[in-house]
Asker: 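I have a structure here, written as structure tokens, and I will follow up with some questions on it.
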2 protein chains.
Amino acid sequence: MSATVFDIAKKATVSIATVSRVLNNTQNVSHERKQRVLAAMEELDFQPNRWARGMAKGQKNQQTGQVAMMLINIPDRIAHTAYTMQYIHGVQQEIAATGRKCLFVTWNDQTDGDTIPQVLLDGEIDGVVFKGYPYTEIGKQWLSRYPRIILNPPAAPPDCDSAMVDYEEGAHDSVAYLASLGHRRIAFVGLPSFRTKLLGYRRAVEELGLDVDEGLIHTRNISLEDTSQELDLNWAIENLWSLSKPPTAILSNDYFCGAIYKALAKRGLKVPDDVSVIGYDNEASHCEALIPKLTSVDIEAVELGRLAAKQLLDRIQKPQERYRKISIRGRIVERGSVRKL
Amino acid sequence: MSATVFDIAKKATVSIATVSRVLNNTQNVSHERKQRVLAAMEELDFQPNRWARGMAKGQKNQQTGQVAMMLINIPDRIAHTAYTMQYIHGVQQEIAATGRKCLFVTWNDQTDGDTIPQVLLDGEIDGVVFKGYPYTEIGKQWLSRYPRIILNPPAAPPDCDSAMVDYEEGAHDSVAYLASLGHRRIAFVGLPSFRTKLLGYRRAVEELGLDVDEGLIHTRNISLEDTSQELDLNWAIENLWSLSKPPTAILSNDYFCGAIYKALAKRGLKVPDDVSVIGYDNEASHCEALIPKLTSVDIEAVELGRLAAKQLLDRIQKPQERYRKISIRGRIVERGSVRKL
DNA sequence: GCACTTTCTGTAAGCCCTTACATTTTCAGT
DNA sequence: ACTGAAAATGTAAGGGCTTACAGAAAGTGC
């Protein structure tokens with residue numbers, strides 16, 4: 001049996017109210033009595049019962065002070081990356097900064113079936129920042145009971161806040177960056193799903209009066225499988241270099257740049273001497289493994305996590321306001337794959 | 001104001017005891033009344049107040065059902081990596097599997113000063129899995145109040161459980177693996193701090209009767225700074241190839257292998273045709289960025305996290321038992337940097 | 001129908017705090 | 001020394017639930 005306020009009060013010969021006041025530092029208590037109480041607490045190893053506290057605080061404290069960071073149906077391949085870690089870290093930092101706590105939850109319909117995470121079930125959270133979606137109806141329902149914000153979905157959902165990576169501006173900025181170094185013919189290599197990036201690319205090319213040439217744009221379902229990927233990118237590079245005027249720089253994704261380097265090397269082209277290459281995502285260990293190290297657009301995942309958490313906290317206060325879509329502009333991290341023309 | 005048992009009782013015209021019995025399914029309640037109660041709950045959207053419940057249940061329920069996963073004084077460079085993510089994921093999985101919840105906490109003496117994380121302060125956790133140490137005395141004290149386990153410290157501390165990556169076996173296994181492919185002269189390149197790995201290396205070399213040659217072992221304070229690192233590893237490779245019989249394989253760390261590839265290339269040596277290279281840590285995006293992709297020893301971080309959490313849960317049950325040091329053997333992930341001799 | 005067991009149900013006490021309100025003490029200003 | 005305000009302290013009322021205990025209803029065997 002652990003000590004209660006009564007035990008402390010008796011030991012320190014004060015009233016329970018005084019004990020409580022010392023405990024919460026709410027009102028003036030004479031120095032001498034305070035010491036007595038503190039001493040008694042120390043001696044009896046007093047641990048206030050948190051349920052009793054919660055109960056006594058009553059309505060005023062309906063918030064649990066806990067927020068969940070959820071990874072929903074994220075395959076390990078994606079979950080186990082630096083930027084997922086960054087998201088989580090950002091979220092946690094912001095939550096901790098307000099004295100709240102961050103629960104980390106993974107939820108996988110494949111493995112868990114219809115099991116709803118315990119956290120949602122017993123409602124010990126005020127809201128959730130999540131990445132990915134639940135597949136099941138029942139899962140969606142449970143999630144929708146809480147104030148929430150989704151991290152970087154392909155498209156902002158209509159029924160909650162979202163925090164997006166601004167791929168358009170990122171692509172725009174990297175084109176502008178290359179242009180500022182004198183590049184006029186910039187290739188775009190990516191998947192057809194890179195629509196937003198392509199938008200940014202086109203806008204920048206137009207704004208800056210660079211060479212417009214559809215031949216410079218290669219979007220194709222590049223295989224994620226290694227060997228085919230190399231073939232795909234080889235093909236892309238061959239096409240680019242069969243243009244009457246080949247590009248002097250290539251815009252792509254970190255993930256493809258290894259194969260791009262290789263394809264360029266095959267044609268005897270050196271990075272960055274002959275061609276500048278700029279990636280996207282700034283997956284550090286990837287970029288730094290390449291030789292030369294890859295210049296890339298950082299998506300600012302930590303900051304995005306922080307903003308998302310901040311927005312969630314706002315949302316918890318004001319459940320009624322219109323849903324917001326916040327987005328964040330990336331930042332170019334210079335390494336060794338781009339040179340001045 | 002949300003509904004209470006009284007409201008339900010009134011609505012269903014039963015006593016609060018009956019409501020409670022339905023809620024907890026503890027005693028027989030006639031079918032008819034049970035239905036009435038259930039209906040009333042549904043209608044009033046009854047959510048039992050968890051503080052009141054905790055309070056009423058009293059002692060029987062002293063566990064909070066929450067466990068913290070803490071990153072203490074881990075610099076971002078290390079925190080934002082795939083394997084940190086894997087640790088966390090493993091810990092979370094195991095904790096969730098027992099119906100508990102996982103709090104994610106970062107704690108940084110540099111930025112936070114003497115601030116103790118809220119989680120420790122209000123004791124809403126049953127234990128903690130942590131990576132890194134608090135620097136301050138007061139921090140250590142707070143941490144030591146809880147059942148805990150440390151993830152992969154340089155050395156197992158005497159005052160808590162620890163979960164270690166078995167670098168010795170990992171190094172041993174990779175030597176054995178190379179030996180099984182016909183390699184007899186295997187170089188070891190790393191930092192002086194790679195003592196455990198070196199132990200495994202030597203043991204394997206001896207066990208398997210491979211060439212013993214101190215010249216094959218290069219431990220030196222390789223710089224973490226890019227350009228110097230290249231110089232350091234260049235120097236290592238030069239030394240190795242100035243031996244009368246150079247190695248046919250190199251054992252190192254993922255992080256150094258980029259520069260090792262480059263140094264080898266400089267001497268006209270191709271990986272894996274002329275030299276096999278095997279890394280350590282299996283940082284996927286790093287290994288896969290290299291060309292050829294790097295074969296590496298996976299530290300099984302997810303599994304280690306899981307084991308650590310499991311051990312912690314045990315520890316919480318049996319606080320008195322001797323501290324344990326659990327360790328886990330890695331697994332070689334084959335990619336393209338090793339070939340049969 | 002009676003005595004007795006078994007099953008249900010209700011009353012009320014208690015879990016351990018916080019805090020409104022009442023009371024006592026302290027202290028400045030006269 | 002006396003007054004009134006400010007500071008310190010204490011008393012007691014909950015807060016929403018569980019559960020021991022007692023009492024009512026239903027079921028059993030004769």
Side-chain angles (χ1 to χ4, degrees), chain A residues 1-65 99 121-124, chain B residues 1-65 118 121-124:
Chain A
M1 318 291 103
S2 54
T4 74
V5 276
F6 287 91
D7 302 325
I8 304 299
K10 196 190 291 175
K11 180 131 209 154
T13 53
V14 297
S15 72
I16 54 164
T18 303
V19 174
S20 175
R21 286 193 270 256
V22 170
L23 198 55
N24 298 286
N25 231 316
T26 44
Q27 284 172 53
N28 290 331
V29 174
S30 69
H31 182 72
E32 177 236 0
R33 277 161 173 258
K34 190 167 187 170
Q35 290 313 311
R36 289 218 307 271
V37 172
L38 256 17
M41 287 182 173
E42 178 78 20
E43 197 163 341
L44 299 180
D45 189 26
F46 174 69
Q47 293 281 111
N49 178 312
R50 69 178 209 288
W51 284 300
R53 285 186 103 165
M55 176 126 157
K57 293 242 180 173
Q59 312 298 32
K60 286 156 207 160
N61 193 11
Q62 266 313 357
Q63 296 207 5
T64 63
L121 253 26
D122 36 66
E124 300 222 352
Chain B
M1 314 293 105
S2 54
T4 73
V5 276
F6 287 91
D7 302 326
I8 304 299
K10 196 188 291 173
K11 182 135 211 150
T13 53
V14 297
S15 72
I16 54 165
T18 303
V19 174
S20 175
R21 287 194 269 257
V22 170
L23 198 56
N24 298 286
N25 231 314
T26 45
Q27 284 172 56
N28 290 331
V29 174
S30 69
H31 183 71
E32 177 236 0
R33 275 160 177 256
K34 191 167 187 171
Q35 291 312 312
R36 288 217 309 270
V37 172
L38 256 18
M41 284 182 174
E42 178 77 19
E43 197 164 340
L44 298 181
D45 189 26
F46 174 67
Q47 294 283 108
N49 178 312
R50 67 177 203 288
W51 283 301
R53 286 188 102 166
M55 178 128 155
K57 294 240 180 178
Q59 312 296 32
K60 286 157 209 163
N61 193 8
Q62 268 312 355
Q63 293 207 9
T64 63
Q118 196 60 32
L121 254 26
D122 37 63
E124 300 223 352

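Per chain, numbering begins at 1; letters A, B, ... match sequence-line order.
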Asker: On DNA chain C, nearest-nucleotide positions of B:V29 versus A:Q47: which is more 5'?
Answerer: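 Its nearest nucleotide being more 5', the pick is B:V29.
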Asker: Going by side-chain contact (heavy atoms from CB on, under 4.5 Å), A:F46 matches just one of A:L23, A:D7, A:V37. Which one?
Answerer: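 Of the listed residues A:L23, A:D7, A:V37, the side-chain contact (heavy atoms from CB on, under 4.5 Å) partner of A:F46 is A:L23.
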Asker: Please report the distance, rounded to the nearest Å, between CH2 in A:W51 and C1' in D:dT18.
Answerer: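 Between C1' of D:dT18 and CH2 of A:W51: 14 Å.
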Asker: Side chain of B:A56, heavy atoms from C-beta onward: which of D:dG16, C:dG10, D:dA8 has the nearest atom to it?
Answerer: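 Closest nucleotide to the B:A56 side chain: D:dG16.
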Asker: Regarding A:R21 and A:N28, is there a side-chain donor-to-acceptor distance under 3.5 Å anywhere?
Answerer: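 No, because no side-chain N or O of A:R21 sits under 3.5 Å from a partner of the opposite role on A:N28.
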Asker: Rounded to the nearest angstrom, tell me the gap between atom CZ in B:F6 and atom P in C:dA12.
Answerer: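 Going from B:F6 (CZ) to C:dA12 (P), I get 11 Å.
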Asker: By nearest atom, which of the nucleotides D:dG16, D:dT11, C:dC8 is closest to the B:N28 side chain?
Answerer: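 Nearest listed nucleotide: C:dC8.
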Asker: Choose from C:dC17, D:dG16, C:dT9 the nucleotide whose nearest atom is closest to any side-chain atom of A:V5.
Answerer: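 So the side chain of A:V5 is nearest to C:dC17.
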Asker: Does OP1 or OP2 of C:dT18 have a side-chain N or O of A:N24 closer than 4.0 Å?
Answerer: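 Looking at the OP1 and OP2 atoms of C:dT18, one of them is under 4.0 Å from a side-chain N or O of A:N24.
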Asker: Any side-chain heavy atom of B:V29 sitting closer than 4.5 Å to one from B:R36?
Answerer: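 With C-beta onward as the side chain, the pair stays apart.
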Asker: Using atom CD1 of B:I16 as one end and atom C1' of C:dT11 as the other, report the distance to the nearest whole Å.
Answerer: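 After rounding, the gap between these two atoms is 8 Å.
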Asker: Which whole-number value in Å describes the distance from B:R21 CZ to D:dT18 P?
Answerer: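 Taking atom P of D:dT18 as the reference, CZ of B:R21 is at 11 Å.
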Asker: Just the rounded figure in Å: distance from C1' of C:dT9 to CZ of B:R36.
Answerer: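 Rounding to the nearest Å, CZ of B:R36 and C1' of C:dT9 are 11 Å apart.
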Asker: Any side-chain N or O of B:S20 less than 4.0 Å from the OP1 or OP2 oxygen of D:dT19?
Answerer: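 For B:S20, the contact criterion (side-chain N or O under 4.0 Å from OP1 or OP2 of D:dT19) is not met.
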Asker: Under 4.0 Å from OP1 or OP2 of C:dC17: is there any side-chain N or O of A:N49 that close?
Answerer: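 No.
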Asker: So which heavy atom on A:A9 is nearest to which on A:S15, and how close?
Answerer: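 Taking A:A9 first and A:S15 second, the nearest heavy atoms are CB-C, 3.9 Å.
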Asker: At 4.0 Å (heavy atoms only), tell me whether A:V19 reaches a base, stays on the sugar-phosphate, or touches nothing.
Answerer: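 The residue A:V19 makes no contact with any strand.
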Asker: For the pair made of NZ in B:K57 and P in D:dG15, what is the distance, rounded to whole Å?
Answerer: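 Going from NZ in B:K57 over to P in D:dG15 covers 22 Å.
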Asker: Can you measure A:M55 atom CE to C:dT19 atom C1' for me and round it to whole angstrom units?
Answerer: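 For the pair A:M55 CE and C:dT19 C1', the rounded distance is 14 Å.
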Asker: Applying a 4.0 Å non-hydrogen cut-off, can you work out what A:T18 is touching in the nucleic acid: base, sugar-phosphate, or nothing?
Answerer: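 Since only primed, P, OP1 and OP2 atoms lie under 4.0 Å of A:T18, the category is sugar-phosphate.
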Asker: Taking atom types as they are modelled, would you say the side chain of A:R53 forms a donor-acceptor pair with the base of D:dG15 within the 3.5 Å cutoff?
Answerer: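 By the distance-only test, no, there is no pair.
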Asker: In this structure, how many angstroms lie between the P atom of C:dC16 and the NZ atom of A:K10, rounded?
Answerer: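 The answer, rounded to whole Å, is 13 Å.
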Asker: Which of these nucleotides, D:dG16, C:dA12, C:dC16, is closest to any side-chain atom of B:T4?
Answerer: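 Of the candidates, D:dG16 comes closest.
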Asker: Please state whether the phosphate of C:dC8, meaning OP1 or OP2, lies under 4.0 angstrom from any side-chain nitrogen or oxygen of B:R33.
Answerer: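 Result: no.
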Asker: Grab the two heavy atoms, one from A:M41 and one from A:I8, that are nearest each other, plus how far apart they are.
Answerer: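 Smallest interatomic distance, heavy atoms only, reads CA-CD1, 3.8 Å.
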Asker: Looking at B:S15, does any N or O in its side chain come under 4.0 Å of the phosphate oxygens OP1/OP2 on C:dG10?
Answerer: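 The answer is yes; a side-chain N or O of B:S15 sits under 4.0 Å from OP1 or OP2.
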Asker: Please name the pair of heavy atoms, one in B:R53 and one in B:P48, separated by the smallest distance, quoted to 0.1 Å.
Answerer: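 Distance-wise, the nearest heavy atoms are NH1-CG, 3.6 Å.
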Asker: Among D:dC17, C:dC17, D:dT18, which nucleotide has an atom closest to any side-chain atom of B:F46?
Answerer: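 Ranking D:dC17, C:dC17, D:dT18 by closest atom to the B:F46 side chain puts D:dC17 first.
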